[in-house]
Amino acid sequence: MAKNFPTRADNYAQWYNELVIKADLAENSAVRGCMVIKPYGYAIWESMQAILDKKFKDTGHVNAYFPLFIPKSFFSKEAAHVEGFAKECAVVTHYRLKNDENGEGVVVDPDAKLEEELIVRPTSETIIWDTYKKWIQSYRDLPLLINQWANVVRWEMRTRLFLRTAEFLWQEGHTAHETKEEALVETRKILDVYADFAEKYMAIPVHKGTKSPNERFAGALETFCIEALMQDGKALQAGTSHFLGQNFAKAFDVKFLSKENKLEYVWATSWGVSTRLMGALIMTHSDDHGLVLPPKLAPTQVVIIPIYRKAEQLEQISETANKIKEELQAKGISVKFDDRDTYKPGWKFNEYEFKGVPVRFALGARDIENGTIEIARRDTLEKEIIPIDQAVDKAASLLEEIQENLYKKALKFREENTFKVDSWEEFKVQIEKGGFILAHWDGTAETEEKIKTETKATIRAIPMDGIMEEGSCVYSGKASNQRVLFARAY
RNA sequence: CGGGGUAUAGCGUAGUCCGGUUAGCGCGCCUGCUUUGGGAGCAGGAGGUCGCAGGUUCGAAUCCUGCUACCCCGACCA
């Protein structure tokens, strides 16, 4: 089966694309840069949504929904923000079509020009803060902790399924607080939620850190991020949590009366993760046989495949299979018994490997006779024949084992591909090999920019868990007191 | 927006340099029989404006001109 995928060395991008398509996750849409998320792919996104949504609610947040369209004028209120997004906005200029006078389909009706153009949201800070202004008067209205599940549009020049599409699905949290300290706590709290989700559920080890000023979100005072390493050695920003200070409060005039009866601007945060996480999931765990899903996110955790010749045999097998299915379901495990007679067993084996189903049972007439069942795990592709009365317990423990194994494997890969580098010569050689580089940086934007120009490497994060250590900048030789994380990134 | 490439059935492609029968093949699809423990075999069948528009020619998938779409590499970026 490996022949179906180009090897990683050949062309990782192609491997990735074929994987997404063959695993039935998504495909390119007729609309440039957009993707169709197919049912199986969407089911994975729903698993992610459910877990994240619960985490947000457990930390006091509530969901709401704001308009897709943002008046153009809102964007000019926060200077850095417009600077960051202006170049990639889709703009609505008209509100009506009409039949072409020459009979050539429909045309935009020039009489239906909007007085003020509408921007299709690339992110919702502006429209949300315009709304918050009306909602916040007193310290009693704070904190305001709101999350939105939505789609956004960023007119990217180059796109790739899940990793960078013109339209993508995400959640964006927007909070308002009385004090700077409280807002910072919120920013950090959400970063922890993201890191926990990545590591415990997606089985992806991440570095928590802050962005350099260059890489900061447009309009933020500080951007916290989680950064992951993909199998081809490139880094991927998996989530961000921004401390916005009072920038948006000032831009949208959001003030509250404090306990001391003073009029003050609120402190803000915003944070988000997107369908890009699907890309991270695919690129972290998949192999040449297809997708590999961590059990906690797999829409189907266990699949049972019957092997039979005649209808009578299927009947007997089904009886046993359905019993196992029910017992697994009673334990909260999602199970599919694939008794389609339109595909042969070999076909199904391959199909579920493409789709990354963690555990597979194969049950045939021979097993019924012997009181056995074959169990296979997707992560290692190992197969084992076990007594049938152990099937349920074995599946349950295997799911946990796979979840853990995937994380360990990914962590091992990241550690083997993280290098401490102290000289510029070494840096230039190492960056070609991929992976994270821990190196000293003098803290200036100029140095960062030069490193980027010369090597395409960017500062992915200034690690929060990093050890403080005296050193000299790998590029300029100037003093530095902490190593930062460099990599080429998606 | 710059540089390179591609466009032939649902998908993948041969044929294009050097114009010449009815455009060939694989996968998939449909029908029948035999099969079913790792993508089944045989037989039969359906499916094509050769990206679009002009031009050259007795004759164009093939040569020429223009256009369009997509892919890769840059700039941009969650």
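Values reported hereafter were calculated over all heavy atoms of this structure, with side chains retained and with hydrogens, waters and symmetry mates removed. Below, chains carry the letters A, B, ... as their sequence lines are ordered, and counting in each starts from 1.
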For A:Thr240, report the nucleic acid contact type (base, sugar-phosphate, nothing); a contact means any heavy atom under 4.0 Å.
nothing
Going by purine N1 to pyrimidine N3 plus the second Watson-Crick contact, or the G-U wobble pair, all under 3.5 Å, which nucleotide sits opposite B:G38?
none
Sugar-phosphate, base or nothing in reach of A:Glu156, heavy atoms under 4.0 Å
base
Below 4.0 Å: OP1/OP2 of B:A40 and any side-chain N or O of A:Lys344:
yes
Span that lies between the P atom of B:C25 and that of B:A14, in whole angstrom:
15 Å
Over 60° means perpendicular and under 30° means parallel, so tell me whether A:Trp267 and A:Phe243 are parallel, tilted or perpendicular.
parallel
At under 4.0 Å between heavy atoms, what does A:Asp341 touch on the DNA or RNA strands: base, sugar-phosphate, or nothing?
nothing
Would you say the side chain of A:Asn417 lies within less than 4.5 Å of the side chain of A:Phe436, judging by non-hydrogen atoms?
no
Describe the nucleic acid contact of A:Tyr490 in one word from base, sugar-phosphate, nothing, applying a heavy-atom distance below 4.0 Å.
nothing
Can you tell me how far P in B:U35 sits from the matching atom in B:U22, rounded to whole Å?
44 Å
If the test is side-chain hydrogen bond (donor to acceptor under 3.5 Å, both in side chains), which one of A:Gln49, A:Lys55, A:Lys57 qualifies with A:Asp53?
A:Lys57
Which part of the nucleic acid does A:Leu236 contact within heavy-atom distance under 4.0 Å: base, sugar-phosphate only, or nothing?
nothing
Which part of the nucleic acid does A:Thr165 contact within heavy-atom distance under 4.0 Å: base, sugar-phosphate only, or nothing?
base
Of A:Thr159 and A:Gln237, whose closest RNA chain B nucleotide lies nearer the 5' terminus?
A:Thr159
Here the distance between atom P of B:G37 and atom CD1 of A:Ile305, to the nearest Å, is 11 Å
On RNA chain B, compare the nucleotides closest to A:Glu351 and A:Arg216; which residue's is nearer the 5' end?
A:Glu351
Taking only the C1' atom of each, what is the distance from B:C18 to B:G45 in whole angstrom?
37 Å
Expressed in angstrom and rounded to an integer, what is the separation of A:Asp339 atom CG from B:U36 atom P?
19 Å
For atom NZ of A:Lys456 and atom P of B:A75, their distance in whole Å
7 Å
Determine the Euclidean distance between corresponding C1' atoms of B:U8 and B:A61; express it in Å to zero decimal places.
7 Å
Reckon A:Ala238 touches a base, only the sugar-phosphate, or nothing at all at heavy-atom distances under 4.0 Å?
nothing
For B:U22, the nucleotide meeting Watson-Crick or G-U wobble distances (both under 3.5 Å) is none
Among B:U35, B:G39, B:A78, the one nearest any side-chain atom of A:Arg309 is B:U35
Whole-angstrom distance between B:G19 and B:U57, as gauged at atom P:
16 Å
Watson-Crick/G-U partner (both atom distances under 3.5 Å) of B:G44:
B:C30
Measure the distance from NZ on A:Lys348 to C1' on B:A40 and round it to the nearest whole Å.
14 Å
Tell me whether the side-chain N or O atoms of A:Lys383 pair up with the base of B:G38 as donor and acceptor below 3.5 Å, since no angle test is needed here.
yes
Rounded to whole angstrom units, what separation is found between the NZ atom of A:Lys22 and the C1' atom of B:C11?
10 Å
Mate of B:A7 where both pairing distances stay under 3.5 Å, Watson-Crick or G-U:
B:U68
Judged by modelled atom types alone, do A:Ser241 and A:Thr187 share a side-chain donor-acceptor pair under 3.5 Å?
no
So, A:Lys38 and A:Glu27, do they make that salt bridge, N to O below 4.0 Å?
yes
Measure CG/A:Leu169 against P/B:A78 and give the value in whole Å, please.
18 Å
Assigned partner base of B:G2, Watson-Crick or wobble definition, under 3.5 Å:
B:C73
For B:U62 and B:U6, measure between their P atoms and round to the nearest Å.
15 Å
Rounded to whole Å, CG of A:Leu381 lies from P of B:G39 at a distance of 15 Å
Any donor-acceptor N/O pair under 3.5 Å between B:G38 base and A:Arg360 side chain
yes
Tell me whether the rings of A:Phe252 and A:Phe248 are parallel (<30°), tilted (30 to 60°) or perpendicular (>60°).
parallel
OP1 or OP2 of B:C71 versus the side-chain N and O atoms of A:Arg160: is any pair under 4.0 Å?
no
When you compare B:A46 with B:G26, how far apart are their P atoms, in angstrom units rounded to a whole number?
15 Å
Taking the same atom, C1', in B:C17 and in B:G39, what whole-Å distance lies between them?
39 Å
Look through every strand shown and name the nucleotide pairing with B:U62 as Watson-Crick or G-U wobble, where both distances are under 3.5 Å.
none
A:Arg366 vs B:G37: side-chain N/O to OP1/OP2 distance below 4.0 Å
no
Any donor-acceptor pair under 3.5 Å between the side chain of A:Glu353 and the base of B:G38?
yes
Is any side-chain heavy atom of A:Thr275 closer than 4.5 Å to a side-chain heavy atom of A:Ile37?
yes
Side chains of A:Thr123 and A:Arg121 only: does a donor on one sit below 3.5 Å from an acceptor on the other?
no
Rounded to the nearest angstrom, tell me the gap between atom CG in A:Leu363 and atom P in B:U36.
17 Å
